[in-house]
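Reading through the structure tokens given below for one structure.
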Amino acid sequence: MSFRKVSIIIWVLAVVLFLLVLHHNFLSLSSLLRNDVTDSGILGLQPIDFATDVHQHPVNGRQEEIPVVIAASEDRLGGTIAAINSVHRNTRSNVIFYIVTLNSTADHLRSWLNSVSLKSIRYKIVNFDTKLLEGKVKEDPDQGESMKPLTFARFYLPILVPSVKKAIYMDDDVIVQGDILALYNTPLKPGHAAAFSEDCDSASTKVIIRGAGNQYNYIGYLDYKKERIRKLSMKASTCSFNPGVFVANLTEWKRQNVTNQLEKWMKLNVEEGLYSRTLAGSITTPPLLIVFYQQHSTIDPMWNVRHLGSSAGKRYSPQFVKAAKLLHWNGHFKPWGRAASYADVWEKWYVPDPTGKFSLIRRHMDASNIK
């Protein structure tokens with residue numbers, strides 16, 4: 001073999017070796033980038049850790065997964081369990097629950113979900129990092145919600161369910177009587193990151209509201225005396241919406257940096273006090289009203305029939321309550337409490353706590369104690 005041929009072979013081998021090294025380095029870089037660029041990184045937020053256990057059962061793999069996000073606080077855990085059970089029992093869809101809680105509640109929640117009647121439910125327990133709220137919430141004894149971090153979990157959906165494009169959020173004081181698939185299929189207009197039930201047009205408002213004043217308009221939630229609010233040019237008479245149940249397009253949510261926008265208004269409220277002093281509803285509502293002003297779709301009003309917790313009296317007919325797709329006990333009178341209306345409807349979906357830590361409070365119990 002000539003010297004020239006040997007030189008060519010050596011040169012070819014050197015080129016091949018160089019290309020192999022280059023390819024290996026490229027793969028390593030790609031892997032590093034995938035690990036670093038996450039949803040939480042894009043949003044500039046601290047990631048929330050998933051619990052190590054994922055309770056799942058075999059389902060039809062061809063069905064689209066329906067993510068439902070719900071919070072679970074220790075003092076309201078029975079509400080979360082009843083809500084989850086009602087969703088599960090009224091659908092054949094592939095539902096997975098992302099149950100957002102604190103570390104101190106996780107074991108209690110897990111033991112409850114291991115009850116025989118709940119074993120077929122698919123869920124993931126997600127720990128909420130309260131550090132996310134530092135500098136964004138002012139503790140106000142008059143607003144108990146301000147001291148309950150899980151109230152704000154709905155602001156961080158892209159972190160709670162990072163791999164999905166669409167999700168349902170619901171409060172823990174609801175019962176679902178319809179098929180959750182119908183709510184999930186709510187159409188969202190192009191450019192809209194969420195769909196809510198508006199207060200002025202809701203079935204609930206048409207049935208029960210008399211002399212409600214401003215609690216169904218923006219002025220009931222925001223202080224229009226503040227210059228920063230006035231500069232937004234939002235009409236004070238604009239109908240508000242309820243954030244206790246909504247459908248979110250998380251692709252659009254991320255694109256618009258909705259979480260960052262919400263955090264901005266939370267911080268400004270701490271500094272300047274932008275919310276109404278006679279706040280008509282949840283402390284989470286004002287920033288959502290600002291961010292989604294004239295930029296949200298609507299859900300069917302029967303998927304958020306609310307105000308069941310506004311008073312101890314019964315405001316709806318039995319026929320109306322039966323027809324509702326979702327019942328919402330927003331207000332002071334919760335269905336697991338002493339003076340709740342329609343508690344019998346809610347209790348059909350309640351599963352007793354196997355640990356005995358959570359128990360229902362009922363009037364007949366008070367009477368027996370007096371005896």
Side-chain angles (χ1 to χ4, degrees), residues 43 69 136 151-158 165-171 183-206 209 212-269 272-307 326 328 330:
L43 289 170
V69 182
K136 304 179 186 77
T151 302
F152 301 93
R154 72 198 80 194
F155 289 1
Y156 298 95
L157 292 182
K165 297 179 180 179
K166 187 178 182 182
I168 295 170
Y169 172 85
M170 61 176 58
D171 280 345
L183 178 60
Y184 183 74
N185 286 336
T186 297
L188 274 70
K189 295 179 181 178
H192 287 182
F196 303 91
S197 176
E198 294 194 345
D199 291 321
C200 305
D201 297 331
S202 73
S204 312
T205 304
K206 292 176 182 177
I209 302 305
N214 295 320
Q215 65 174 312
Y216 299 102
N217 303 98
Y218 269 48
I219 198 171
Y221 293 88
L222 299 166
D223 188 351
Y224 275 79
K225 294 179 181 178
K226 299 296 174 67
E227 183 180 2
R228 190 178 293 276
I229 295 298
R230 293 199 306 271
K231 281 185 175 180
L232 294 173
S233 300
M234 301 183 302
K235 290 184 179 180
S237 60
T238 301
C239 182
S240 55
F241 54 77
N242 181 275
V245 179
F246 62 90
V247 181
N249 176 340
L250 296 181
T251 301
E252 195 63 36
W253 189 295
K254 294 173 188 176
R255 190 186 71 79
Q256 298 180 23
N257 288 322
V258 169
T259 297
N260 283 347
Q261 293 187 60
L262 292 169
E263 289 188 318
K264 167 191 169 182
W265 289 105
M266 291 167 71
K267 291 175 183 176
L268 287 172
N269 178 63
E272 303 176 24
L274 302 178
Y275 304 166
S276 171
R277 292 185 179 180
T278 56
L279 195 60
S282 171
I283 194 173
T284 61
T285 305
L288 287 165
L289 292 180
I290 295 172
V291 173
F292 286 102
Y293 179 69
Q294 296 184 345
Q295 288 294 321
H296 66 274
S297 299
T298 57
I299 65 175
D300 182 339
M302 295 302 281
W303 273 102
N304 193 354
V305 173
R306 47 199 180 275
H307 310 300
L326 182 148
H328 190 180
N330 60 314

Rounded at 0.5 Å granularity, tell me how far [atom1] in [X] sits from [atom2] in [Y].
{"X": "I299", "Y": "N304", "atom1": "CD1", "atom2": "CG", "answer": "5.5 Å"}
{"X": "K166", "Y": "T186", "atom1": "NZ", "atom2": "OG1", "answer": "6.5 Å"}
{"X": "S240", "Y": "Y218", "atom1": "OG", "atom2": "OH", "answer": "8.0 Å"}
{"X": "M234", "Y": "L222", "atom1": "CE", "atom2": "CG", "answer": "5.0 Å"}
{"X": "N217", "Y": "S276", "atom1": "CG", "atom2": "OG", "answer": "11.5 Å"}
{"X": "L262", "Y": "Y156", "atom1": "CG", "atom2": "OH", "answer": "8.0 Å"}

Not counting sequence neighbours, which residues clear side-chain contact (heavy atoms from CB on, under 4.5 Å) with [X]? List them please.
{"X": "K264", "answer": "L268"}
{"X": "K189", "answer": "H192, S297"}
{"X": "S237", "answer": "K235"}

task: Evaluate the criterion side-chain contact (heavy atoms from CB on, under 4.5 Å) for residue pair W265 and V291; output intermediate values, then yes/no.
output: CA-CA 9 Å; W265 289 105; V291 173; 4.1 Å; yes
Donor-acceptor check, side chain of [X] to backbone of [Y], threshold 3.5 angstrom: yes or no?
{"X": "T284", "Y": "F152", "result": "no"}
{"X": "Q261", "Y": "Q256", "result": "yes"}
{"X": "D223", "Y": "L274", "result": "no"}
{"X": "K254", "Y": "P158", "result": "no"}

- request: May I have the step-by-step check of side-chain contact (heavy atoms from CB on, under 4.5 Å) for V247 and N185, ending in yes or no?
  value: CA-CA 9 Å; V247 181; N185 286 336; over 6 Å; no
Under the rule for ring pair (Phe, Tyr, Trp, His ring centres under 6.0 Å), what residues qualify as partners of [X], not counting sequence neighbours?
{"X": "H296", "answer": "F196, F241"}
{"X": "Y224", "answer": "none"}
{"X": "Y275", "answer": "none"}

If every non-hydrogen atom of [X] is compared with every non-hydrogen atom of [Y], which pair is closest and at what distance?
{"X": "W253", "Y": "A194", "value": "CZ3-CB, 4.5 Å"}
{"X": "L250", "Y": "A167", "value": "CD1-CB, 4.2 Å"}
{"X": "P287", "Y": "F155", "value": "CG-CZ, 3.7 Å"}

message: Under 4.0 Å between a side-chain nitrogen and a carboxylate oxygen: does that hold for R255 and E252?
response: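 Salt bridge present between R255 and E252.
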field: Distance-only side-chain donor-acceptor flag, D171 / Y169, under 3.5 Å
entry: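 Yes, a side-chain donor-acceptor pair sits under 3.5 Å.
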- request: For H328 and S197, run side-chain contact (heavy atoms from CB on, under 4.5 Å): C-alpha distance rounded to whole Å, both residues' side-chain angles, the deciding distance at 0.1 Å, then the answer.
  value: CA-CA 12 Å; H328 190 180; S197 176; over 6 Å; no
message: The test is side-chain contact (heavy atoms from CB on, under 4.5 Å); show your working for Y293 and T238 and say whether it passes.
response: CA-CA 9 Å; Y293 179 69; T238 301; 3.5 Å; yes
- request: Applying salt bridge (Lys or Arg N to Asp or Glu O under 4.0 Å) between E272 and each of K225, R228, K226, report the one that passes.
  value: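 Among K225, R228, K226, the one that satisfies the salt bridge (Lys or Arg N to Asp or Glu O under 4.0 Å) with E272 is R228.
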task: Apply the test salt bridge (Lys or Arg N to Asp or Glu O under 4.0 Å) to residues E227 and K231: give CA-CA distance (whole Å), side-chain angles for both, the deciding distance (0.1 Å), then the verdict.
output: CA-CA 6 Å; E227 183 180 2; K231 281 185 175 180; 3.5 Å; yes
Close side-chain approach of K165 to N249, heavy-atom, < 4.5 Å: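 No, side chains not in contact.
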